[in-house]
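As structure tokens, the structure follows; a few thoughts come after it.
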Amino acid sequence: MAKRLIPTLNRVLIEKIVPPSKTTAGILLPESSAKLNSGKVVAVGPGTKDKAGNAIPVAVKEGDTVLLPDYGGTQVKLGDKEFHLYRDEDIWALSMTELFGIMFSRTILFRGWM
């Protein structure tokens with residue numbers, strides 16, 4: 001599957017996350033409600049080197065959930081799955097739940113009720 005494709009330099013292989021089209025209660029969601037473009041990191045290249053020859057590692061690791069730009073990346077099809085190759089610099093951010101875990105999302109929910 002995706003493990004056969006190993007990105008070079010600072011490239012990152014990402015499988016995009018398709019947002020659900022309806023809620024668990026069965027309410028259909030419009031396409032505009034899922035504006036955030038996110039994906040799961042499947043494979044990471046070794047990174048690049050600066051002019052002095054020092055290694056610059058990639059900022060993400062396998063398994064991270066990241067936010068992506070609407071356009072860009074190179075589409076790659078492996079078997080029946082679709083992946084995208086992005087440069088490390090093109091990835092906008094890590095998902096907040098990945099950084100702070102479940103306690104962060106509970107804190108936001110708690111503060112929202114106040």
So, for Glu15 and Glu82, which heavy atoms are closest and what is the spacing to 0.1 Å?
CG-O, 4.2 Å
Between atom CD of Gln75 and atom NE2 of His84, what is the distance when rounded to the nearest 0.5 Å?
4.5 Å
Residue pair Ala55 / Pro57: nearest heavy atoms and the distance that separates them
O-CD, 3.7 Å
Looking at Asp88 and Ala59, would you say the former's side chain and the latter's main chain have a donor-acceptor pair under 3.5 Å?
yes
At their closest point, which heavy atom of Asn37 faces which heavy atom of Lys16, and how far apart are they?
ND2-NZ, 3.5 Å
Mind checking whether Phe83 and Leu5 have side chains closer than 4.5 Å, heavy atoms only?
no
Indicate yes or no for a side-chain donor-acceptor contact from Lys49 to the backbone of Asn54 under 3.5 Å, with no hydrogens or angles considered.
no
Measuring from atom OH of Tyr86 to atom CG of Leu13, what distance do you get when rounded to the nearest 0.5 angstrom?
11.0 Å
In sequence, state the C-alpha distance, the side-chain angles, and the governing distance for Ile14 and Ile91, and then conclude on side chain to side chain contact (heavy atoms under 4.5 Å, CB included).
CA-CA 10 Å; Ile14 295 176; Ile91 296 173; 4.0 Å; yes
Take Val41 and Val66 through the test side chain to side chain contact (heavy atoms under 4.5 Å, CB included) and record every step on the way to the result.
CA-CA 7 Å; Val41 177; Val66 294; 4.0 Å; yes
Would you give the length of the straight line joining atom OG1 of Thr48 to atom CG of Leu9, rounded to the nearest 0.5 angstrom?
7.0 Å
Is the backbone N or O of Val58 less than 3.5 Å from a side-chain atom of Asn10, with the two atoms forming a donor-acceptor pair by type?
no
Of all heavy-atom pairs between Pro7 and Pro46, which one has the smallest distance, and what is that distance?
O-CD, 3.8 Å
Can you list the steps and then say if Thr65 with Leu94 is a side chain to side chain contact (heavy atoms under 4.5 Å, CB included)?
CA-CA 6 Å; Thr65 303; Leu94 286 170; over 6 Å; no
Residues Arg11 and Leu85: closest non-hydrogen pair is CB-CD2, 4.2 Å
